Protein chains: 4
Amino acid sequence: MTQLDPRRKPRQSRSRATVDAILQATAQVLVRDGYQKATTNRIAERAGVSVGTLYQYFPNKDALVVALCEQHSDEMMTLLSASIAELQDATAERATRVIVRAMLQAHAVNPELHEAIISNLPKEKQFEQILAVNAQAEAMVRVFLEHHRERLATDNIDMAAFIVVNTVEALTHAAVIERPDFLGTEELVDEITRLICRYLLK
Amino acid sequence: MTQLDPRRKPRQSRSRATVDAILQATAQVLVRDGYQKATTNRIAERAGVSVGTLYQYFPNKDALVVALCEQHSDEMMTLLSASIAELQDATAERATRVIVRAMLQAHAVNPELHEAIISNLPKEKQFEQILAVNAQAEAMVRVFLEHHRERLATDNIDMAAFIVVNTVEALTHAAVIERPDFLGTEELVDEITRLICRYLLK
Amino acid sequence: MTQLDPRRKPRQSRSRATVDAILQATAQVLVRDGYQKATTNRIAERAGVSVGTLYQYFPNKDALVVALCEQHSDEMMTLLSASIAELQDATAERATRVIVRAMLQAHAVNPELHEAIISNLPKEKQFEQILAVNAQAEAMVRVFLEHHRERLATDNIDMAAFIVVNTVEALTHAAVIERPDFLGTEELVDEITRLICRYLLK
Amino acid sequence: MTQLDPRRKPRQSRSRATVDAILQATAQVLVRDGYQKATTNRIAERAGVSVGTLYQYFPNKDALVVALCEQHSDEMMTLLSASIAELQDATAERATRVIVRAMLQAHAVNPELHEAIISNLPKEKQFEQILAVNAQAEAMVRVFLEHHRERLATDNIDMAAFIVVNTVEALTHAAVIERPDFLGTEELVDEITRLICRYLLK
DNA sequence: TATGAATGAGGTTTCATTCAT
DNA sequence: AATGAATGAAACCTCATTCAT
């Protein structure tokens, strides 16, 4: 396995800005051209630096993508984590709504980048960070299911979790990509919440 | 735009066999090594022919992938189409079950290949054929929704279609890939059917 | 460790010729420009082929050098081996002369290449093959010392072997490089033989 | 031709210390990593200064190596020169012993560095300074041969000088590198002295 | 038709050197 | 004087594609 960690932590503000420019350029090129055509030269050019500079901070192309995934999933995780607290004492409907809204917000952070990462990156390169977001979402759902266990319409919790997690993930992901027109009002959240609640609860 | 159609329609059986071998090899290499490492030389080698021969039947690498997508989506479409007839006079629950089961069967045709196509191929190469499958599924759902319009719990048919199509697609796809243990019994079909029906119907 | 073996054994005569051209070009460029400046592009150009062709037969630059070392040391070893038989029943003086002459001939095979390999290659790249030649020479000397043990002026055979091997190696190597004018007559062989015999024998 | 002299003669003691640190770092990196991996950045880092500082004292990488060779050969030369005086009135055996011992001491000054210079540096970079050591050694031998001309067993002084110089050089070099265990006692000096004397003298 | 040797543009990565601070 | 971020030419290597046999 090759090295994936950044090469040096930039301490001066000049290099801090350089690293930011490189990551931003990586995101843009990834979105515009896809993983395959996202060459390090193109990224460097887009960032307004030379390739050499890029390689001062990242040992190879994948390290670049990893750093980007990390940054992106941090942003998503922050939103999800903020909602976890709200789950505790909420009713089942309220909790469902919280989860759905959190997932929608998380996916709306940077939908094109998310899409580029999820469906352009070779599978073996969809790094831990991104998978961690789904793990986090699944954890939220399990907390929910445990907490409301006695009200559930099913006792196959394993399958219910599978269904809920994949459904919410798929719908929120598809919505931000394909139907941004659905995002203006609360209606989509209402509908997904209803979908989940009617399925889960007696 | 480059040429994407196969170069010669193979009419003789020897040629036919060669083309089949090449497509099969493409699928295998795609699944085993991913799109990036699926070089034309490797595919030819796996197919037991020379690169030259490969290029006699396919003008370039993309044509190879297009043909494979076409073949794969044909197989999926066949399964879906077979079920459409059953929708006409069925109850809403019955029709939902038919759609869900058809989607599950369609995804089970060659899950690894489907996965390789969906999540390894650069987005711009996920050609019409594959998208057509989803279009077909969506058509089935619309037929269903129109037919049972008066029983629906919602009147935003657009959003309902979006939700149903994406949910069924996501769950059947995820199931064949991640949870083959769910496929032995009818339970998963039961659950997804319940999920959809409870959501849609008054 | 990276792969060092050649990539494909050339079977057709066309590719056999290509491989020969590449190896020959490698030798020439190594001699003319040294290891550092012997770039694969320069070697390919000198061989009259494209880089791609070079890489069809050799997986990387070092594999090229290894193959060359192998070829070169084979030639040297052949000469040394041919002389080993003569050692058996010879007098000490005669045997010494045989070894010295064999070493001189071996070093004269392609002195510039030998020099380029020995003193231009980074130490960690002076591959087994070349070292094997010295091992072979040392083996010859040990056979000699064992055989004439009772006539030796010293009983520290270890140190005697060290001295003889290094002396003969250094003198024959230096002669072909620095003093080709010494090679026309038998005089140099006479002198080295005398040097060794006077030292070794009572 | 590029500039090879150090950029500024450091007169102040702080600069002097910096230059020393850089040269010492060069030697260490050369020994540890070899010429190829001895990058200027790595050397600067090892020396505890920035690359910029390194380039304030040395105009380019070669100047660095030249300075190092110079320093190293100065140390060796000092040892050799000290022994020349002793040659004048010594017997042939005594003089031989003096030369051999001096060469051994000279090679023992910093064997790893000597080895790194001799066998890792591209030939064209083994600068005058290092060659000067051999010239000095050869000069000593010639003084010796002239002085004892009437006792020599050969009248081909040219060839005798070639043999003696190369033999002593090779043996002392090989000994410090490969057989440090030979260096504890006087025995190796005894043996080499005997080798040379028996060869040279009637 | 089939072969597979050959091509070469283009990708990733390194490192001696410069220069603004 | 010192720093270290930035440069970019040039090295190694891959792979879609061609074409002589």
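Below, all heavy atoms of this structure are taken into account, side chains as well, without hydrogens, waters or symmetry copies. Computed from a predicted model, the values in this text were never measured in an experiment.
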In residues 23-30 of chain B, which ones come under 4.0 Å of DNA chain E, going by heavy atoms? none
How about D:Tyr57 and D:Ser15: does a side-chain donor come under 3.5 Å of a side-chain acceptor? yes
Excluding sequence neighbours, so at least two apart, what forms salt bridge (charged side-chain N to carboxylate O under 4.0 Å, His left out) with D:Glu115? C:Lys123
Donor-acceptor pair, distance only, cut-off 3.5 Å: does the side chain of D:Lys61 make one with the backbone of D:Ala38? yes
Atom CG of C:Asn60 and atom C1' of F:dT14: how far apart are they, to the nearest Å? 13 Å
Would one find a side-chain N or O of C:Arg7 under 4.0 angstrom from OP1 or OP2 of F:dT14? yes
From CG of C:Asp33 over to C1' of F:dA11, roughly how many Å is that when rounded to an integer? 15 Å
Scan for salt bridge (charged side-chain N to carboxylate O under 4.0 Å, His left out) pairs involving residues 47-59 of chain B, sequence neighbours excluded, and state none if there are none. none
Salt bridge (charged side-chain N to carboxylate O under 4.0 Å, His left out) against D:Asp74, all qualifying residues, sequence neighbours excluded: none
Run through DNA chain F and report every stem of 3 or more consecutive Watson-Crick or G-U pairs, distances under 3.5 Å, ordered by first number. E:2-21 with F:2-21
With the side chain defined as heavy atoms from C-beta on, C:Lys61 is closest, among F:dA16, F:dA5, F:dC13, to F:dC13
Those residues of residues 35-53 of chain B lying under 4.0 Å from DNA chain F by at least one heavy atom: B:Thr39, B:Thr40, B:Asn41, B:Val51
Quick one: side chain to side chain contact (heavy atoms under 4.5 Å, CB included) partners of D:Val31, sequence neighbours excluded? D:Glu112, D:Leu113, D:Ala116
Could you pull out all donor-acceptor pairs under 3.5 Å where a side-chain atom in residues 42-54 of chain A meets a protein atom, sequence neighbours excluded?
unit_1  : atom_1 : unit_2  : atom_2 : d
A:Arg42 : NH1    : A:Asp33 : OD2    : 2.8
A:Arg46 : NE     : A:Gln28 : OE1    : 2.6
A:Arg46 : NH2    : A:Gln28 : OE1    : 3.0
A:Ser50 : OG     : A:Thr53 : N      : 3.4
A:Ser50 : OG     : A:Thr53 : OG1    : 3.3

Return the value, rounded to whole Å, for the distance between atom CZ of A:Phe58 and atom P of F:dA6. 12 Å
Gap between atoms OH and C1', on A:Tyr57 and F:dA6 respectively (whole Å): 8 Å
Which pairs pass salt bridge (charged side-chain N to carboxylate O under 4.0 Å, His left out) with one or both residues in residues 17-31 of chain B, sequence neighbours excluded? B:Arg16-B:Asp20
Sub-4.5 Å side-chain heavy-atom contact between A:Phe58 and A:Val66: no
Hey, does the side chain of A:Ser15 come within less than 4.0 Å of F:dG4's phosphate (OP1/OP2), counting only N and O? no
Only counting residues at least two apart or in another chain, list the ones meeting side-chain hydrogen bond (donor to acceptor under 3.5 Å, both in side chains) with D:Tyr35. D:Lys125
Verify the contact: side-chain N or O of C:Tyr55 to OP1 or OP2 of E:dA6, cut-off strictly under 4.0 Å; return yes or no. no
Quick one: B:Leu54 CG to E:dT1 C1', roughly how many Å, whole number? 14 Å
In whole Å, I'd like the distance from the CZ atom of A:Arg16 to the P atom of E:dT21. 20 Å
Record whether the side chain of C:Gln56 comes under 3.5 Å of the base of E:dA6 through a donor-acceptor pair of N or O atoms. yes
List in chain and number order the residues that pass ring pair (Phe, Tyr, Trp, His ring centres under 6.0 Å) with C:His72, two or more places apart in sequence or in another chain; answer none if no residue qualifies. C:His114
